[in-house]
Number of protein chains: 2
Amino acid sequence: METNIVLLAPLFEILNDIQPLSEKLKLLFIKHFKIEEVKKGKVLLFEKDICKSLWFLCDGLLRSYHNIGDKEITSRIMYTGHIVISAGSFFTQTPATESIEALADCVVAKLSFNDLQDIYKRFPEFNYHTRLITEQYFYKQEQRLYMLRKHDAAAKYNFFLENYAEYLKDIPQKYIASFLNVAPETLSRTRSKLGKS
Amino acid sequence: METNIVLLAPLFEILNDIQPLSEKLKLLFIKHFKIEEVKKGKVLLFEKDICKSLWFLCDGLLRSYHNIGDKEITSRIMYTGHIVISAGSFFTQTPATESIEALADCVVAKLSFNDLQDIYKRFPEFNYHTRLITEQYFYKQEQRLYMLRKHDAAAKYNFFLENYAEYLKDIPQKYIASFLNVAPETLSRTRSKLGKS
DNA sequence: AATGCTTGTTGACTTTTGTCAATAAATTTT
DNA sequence: AAAATTTATTGACAAAAGTCAACAAGCATT
């Protein structure tokens, strides 16, 4: 319980910044969120499973990925402080088209879809918070769309550097490559060219 | 006023499907939404302007686009029934990084940001509707992200056919090309290859 | 620390796409 | 309807990225 409060503090800060949370709602969060440790390499959500929870990433690094043919494509990279779901699956409670995997040892706070619905029912004003958060994530997603329309691999990699530089050393390069939609060899060459200039 | 009710009916249907709207809220919408005709080629929102309204596209076809270097890139294609905004600009009331243009003669119902905030204030339960709508649009955006990570031009064009076939003849091919992130010449060649097989 | 496995780099080559230019087709304007 | 403008197609070539393969480097594990 005590750990819960400490680990959820950053989430409460995000939510309070939108609109102060009532004490009752805070207590309900503390009650429903379950803290879990996820070891590097572990898969939080498997493709085809239903995303039945939302995770607040207290600490660590995650990626989501899906398969196209024989290739694995990294779709998102999520770091400490992120609210993590597989959107399509969570919103509609249908099978996921992507998996979510830990790129480092993580601590997550897990909230089930059902508990969240219960929270919405009891505290309708919480819709306001999630509306604003969804809007924010929507906008970030739009940025990634722009990134993918950039001309060449160098421009895409620069986007990565501008947005994920902190995590550069913690993410295997092959995952960065597929995130940017280039072959690993191409990213390797792009990096060595950029380094020399 | 009468026209308002008729033209807003599809929007009310979308909202009612989420959760029935109160009569008072409906009346407020009818009061605040302004119907406008937008001729083909007209620009609804100019880059660098603030997106001060949301539009419900009663009828017609729109595209959003931004400039990279000397090139114009189509980022979205929006058809009848869409709720249209420039997300980043509207949510934060800061200058837009994209323009929105009519690809056909359109009828739009326009709601100002300020009037919308007023609606949120008076009817907080409306946050529930917009939360679900934002979730839906988020998911659609995710699909477009997947599309851009597809291997080749043919796969991207097939995505377009699956999702926008109805509007194929109304959208100049050069806009489809930039939407799919390929050169117009490449799309032309891809189409002629696909047609022959 | 040594072994084995995975990941990253580099080279040679292929494929795809982009670019430039000319022409054809379609649209718009007068 | 004709002229003018824009858009689409096609060809020739260049550039970028993908693929395959060999090797090096980095990590885990023991």
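Labels below follow one simple rule: chain letters A, B, ... track the order of the sequence lines, proteins then strands, and each chain is numbered from 1.
Note: A/R191 CZ to A/T186 OG1 = 13.5 Å, rounded to the nearest 0.5 Å. Rounding to the nearest 0.5 angstrom, the gap separating the SG atom in B/C51 from the CD atom in B/Q93 is 7.5 Å. Atom OG1 in B/T80 sits 5.0 Å away from atom CG in B/L57 (nearest 0.5 Å). A distance of 8.0 Å separates CG in A/L27 from CD1 in A/I5, rounded to the nearest 0.5 Å.
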Given protein heavy atoms under 4.0 Å, the one-letter contact record of nucleotides 16-21 of chain D, with B base, S sugar-phosphate only and - none, is simply -SSBB-
For nucleotides 22-30 of chain C, read 5' to 3', which letter fits each nucleotide if B means a protein heavy atom sits under 4.0 Å from the base, S means only the sugar-phosphate is that close, and - means neither? ------S--
From CA spacing to verdict: salt bridge (charged side-chain N to carboxylate O under 4.0 Å, His left out), B/R63, B/E72: CA-CA 12 Å; B/R63 72 169 186 126; B/E72 211 179 62; 2.8 Å; yes
Trace of the ring pair (Phe, Tyr, Trp, His ring centres under 6.0 Å) decision for A/F179 with A/Y164: CA-CA 12 Å; A/F179 181 69; A/Y164 300 88; 5.5 Å; yes
Checking B/D105 against B/K39 for the salt bridge (charged side-chain N to carboxylate O under 4.0 Å, His left out) test, could you report, in this order, the C-alpha distance in whole Å, the side-chain angles of both residues, the deciding distance, and whether it holds? CA-CA 4 Å; B/D105 290 347; B/K39 285 281 163 200; 3.6 Å; yes
Show your reasoning for whether ring pair (Phe, Tyr, Trp, His ring centres under 6.0 Å) applies to A/Y146 and A/F159. CA-CA 10 Å; A/Y146 285 157; A/F159 170 90; 9.6 Å; no
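Separating the NZ atom of B/K156 from the P atom of C/dT16 is a distance of 14 Å, rounded to the nearest angstrom. With rounding to whole Å, A/D105 atom CG is found 11 Å from D/dA28 atom P. Summarising the geometry, the separation between NZ on A/K169 and P on D/dG26 is reported as 17 Å, rounded to the nearest angstrom. Across the protein-nucleic acid pair, B/L180 atom CG and C/dT17 atom P stand 12 Å apart, rounded to whole Å.
Axis deviation across the helix from C/dA1-D/dT30 to C/dT30-D/dA1 amounts to 60°, comparing end segments of five pairs, rounded to 10 degrees.
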Could you list, one pair per line, each protein nitrogen or oxygen that sits under 3.5 Å from a nitrogen or oxygen of nucleotides 4-7 of chain D, together with the distance?
| unit_1 | atom_1 | unit_2 | atom_2 | d |
| --- | --- | --- | --- | --- |
| D/dT7 | OP1 | B/K174 | NZ | 3.0 |
| D/dT7 | OP2 | B/K174 | NZ | 2.7 |

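The aromatic rings of B/Y120 and B/F126 sit tilted relative to each other, their planes meeting at an angle between 30° and 60°. By the 30° and 60° cut-offs, the orientation of the rings of B/F138 relative to A/F138 is tilted. Using bins of under 30°, 30° to 60° and over 60° for the plane-to-plane angle, the ring pair B/F29/B/F33 lands in the tilted bin.
A salt bridge is absent between B/K156 and B/D152; no separation between the charged side-chain nitrogens and carboxylate oxygens falls under 4.0 Å. With respect to the salt-bridge test (charged N to carboxylate O, under 4.0 angstrom), the residues B/R131 and B/E135 qualify.
Applying the side chain to side chain donor-acceptor pair (under 3.5 Å) rule to A/R76 yields the partners A/S64, A/E98; only residues at least two apart in sequence or on another chain are considered.
Of all the residues in residues 157-165 of chain B, not one reaches under 4.0 Å from DNA chain D with any non-hydrogen atom.
Stacking of B/K26 on the aromatic ring of B/F12 is recorded, both the 6.0 Å distance cut-off and the 45° axial limit being met.
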